[in-house]
Amino acid sequence: MSSLINKQLVFIILQFLKEKNMIESAHILERESGLFFDMKHFEDMVLAGKLDEAEKYLSGFTQVHENMLSTKTYFELRRQKFLEALDKHERVKALDILMKDIKAFSTYNEEVFKEASLLLPLENFRQHESLARYGDPKTERRNVMRGLKQCIQENPAFSGKLLFPITSTSCLQRLFMYARAAASSSAAANAKAKSMAFL
C-alpha cells in the first residue's frame, strides 16, 4: 500500500513540475524514480546528438545487461556515438568510446569489437562495405531512433512506464490547499480549546 501511495505521489510531483515548467527537474525525477520513461524527451536527446545524456536517462530504467533488448538499446546508442566521433575525425574520442563503451559488448559478439577496431584507421569509415550507405549524422540518428523506440516498447523493463497516468491538473496544489486548510482549522480548534481551558 505504501509503495502505491509513493508511486502516486511521484506522479503528482512530476505533473506539478511539468505544469510549473520545471522540465529538467521532472526528467531528473523520472530517471531517479524509474517510474515514467518520457519517450519524447529521450527521442529529442538522441536526435540532437546528446547521446551521453540519452544513455544517462536510459540508465534510470534499465541496465546494459538486464536483457537482450536493453543490451541492444545501449549498443545502438554507443555505436552511433562511435560513428559520429569517426565522422568528425575525432580518432582519440572514437578510440576511447571503442575501449570503454563498445568493448563491453564483445562478450556477446567478438566480431562487433573487431569490426569497429578496423574502422579507426580508415580516412572515411564509409569505405567499409557494411557502412557504405551510412548517411549524415542527423539522418542516421533518426534511423537509430526508430530501432531504439521499438526496442524500448518491446522491452519488459519498460512495462507500465511508457504512459503517464491521467491525473487532474494541479493535483499537488489542491493537496497543499487542503493541508493548509486542515492546519488552519486544527490551529483554530487548539486556540479555542486553550481559551475554554481558562474559563
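Quick caveat, the model's predicted, so the values are computed rather than measured.
A distance-only check finds no donor-acceptor pair linking the side chain of Y74 to the backbone of F105 [under 3.5 Å]. A side-chain donor-acceptor contact under 3.5 Å links Q63 to the backbone of S59. With S70 contributing its side chain and V64 its backbone, the two residues share no donor-acceptor pair below 3.5 Å.
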Return a table of donor-acceptor pairs under 3.5 angstrom between the side chains of residues 96-103 and protein atoms on other chains or two or more places apart.
residue, atom, partner, partner atom, Å
D96, OD1, K100, NZ, 3.1
D101, OD2, K81, NZ, 2.8

Please table the atom pairs, donor to acceptor, closer than 3.5 Å between any side-chain atom in residues 113-122 and protein atoms at least two apart or in another chain.
residue, atom, partner, partner atom, Å
E115, OE2, S130, OG, 3.1
S117, OG, F113, O, 2.9

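Across every non-hydrogen atom of L14 and F36, the tightest pair is CD1-CB, 4.4 Å. The heavy-atom pair separating A54 from F42 by the smallest distance is O-CE1, 3.5 Å. For the residue pair F61 and E30, the shortest heavy atom distance occurs at CZ-O, 3.3 Å. Scanning both residues, A104 and R78, for their nearest heavy atoms gives CB-NH1, 4.3 Å. Closest approach of P137 to Q80, counting heavy atoms only: O-NE2, 4.0 Å. Scanning all heavy atoms of the two residues, the minimum distance from L69 to P156 falls at CD1-CD, 4.2 Å.
When hydrophobic clusters are built by joining Ile, Leu, Val, Met, Phe, Trp and Tyr residues whose side-chain heavy atoms come closer than 4.5 Å, directly or via intermediates, F164 is not grouped with L58. Linking ILVMFWY residues whenever their side-chain heavy atoms come closer than 4.5 Å, directly or via other members, places L47 and L51 in the same cluster. In terms of hydrophobic clustering, with Ile, Leu, Val, Met, Phe, Trp and Tyr side chains grouped at heavy-atom distances under 4.5 Å, L131 and V112 are assigned to a common cluster. Hydrophobic clustering (side-chain heavy atoms under 4.5 Å, transitive across Ile, Leu, Val, Met, Phe, Trp, Tyr) keeps Y57 apart from I23. No continuous path of ILVMFWY side-chain contacts below 4.5 Å connects I28 to L17, so the two sit in separate hydrophobic clusters.
For the pair M145 and M45, the minimum side-chain heavy-atom distance is 4.5 Å or more.
For R31, the salt bridge (charged side-chain N to carboxylate O under 4.0 Å, His left out) criterion is met by no residue, not counting sequence neighbours. With sequence neighbours left out, H65 forms a ring-ring contact (aromatic ring centres under 6.0 Å, His included) with Y108. Considering only residues two or more places apart in sequence or on other chains, S33 meets the side chain to side chain donor-acceptor pair (under 3.5 Å) condition with none of them. Under the rule for a ring-ring contact (aromatic ring centres under 6.0 Å, His included), the partners of H27 that lie at least two apart in sequence or sit in another chain are H41. With sequence neighbours excluded, the residues forming a ring-ring contact (aromatic ring centres under 6.0 Å, His included) with F158 are F37, listed by chain and number. Applying the side chain to side chain donor-acceptor pair (under 3.5 Å) test to E66 and every residue at least two apart in sequence or in another chain returns T62. Residues satisfying the salt bridge (charged side-chain N to carboxylate O under 4.0 Å, His left out) test with E140, not counting sequence neighbours, are none. Among residues two or more places apart in sequence or in another chain, the side chain to side chain donor-acceptor pair (under 3.5 Å) test is passed with D136 by T139.
Evaluation of the salt bridge (charged side-chain N to carboxylate O under 4.0 Å, His left out) test over residues 147-156, restricted to residues two or more places apart or in two chains, returns E43-K149. Residue pairs meeting the salt bridge (charged side-chain N to carboxylate O under 4.0 Å, His left out) criterion with at least one partner in residues 116-132, sequence neighbours excluded, are D87-R126.
Distance CD/E76 to CZ/R146: 12.5 Å, rounded to 0.5 Å. Between the CG atom in L148 and the CG atom in L77 there is a gap of 5.0 Å [rounded to 0.5 Å]. Separating the NZ atom in K18 from the CD1 atom in I13 is a distance of 13.5 Å, to the nearest 0.5 Å. T73 OG1 to Q150 CD: the interatomic distance, rounded to the nearest 0.5 Å, is 10.0 Å.
Enclosure of atom CD in E24 is not indicated, since only 12 or fewer non-hydrogen atoms of other residues, nucleotides or ligands lie within 6.0 angstrom.
The pair K40-D44 counts as a salt bridge, with a side-chain nitrogen and a carboxylate oxygen less than 4.0 angstrom apart.
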When you look at E55 and E53, which way does the side chain to side chain contact (heavy atoms under 4.5 Å, CB included) test go after all the steps? CA-CA 5 Å; E55 184 172 330; E53 291 91 335; over 6 Å; no
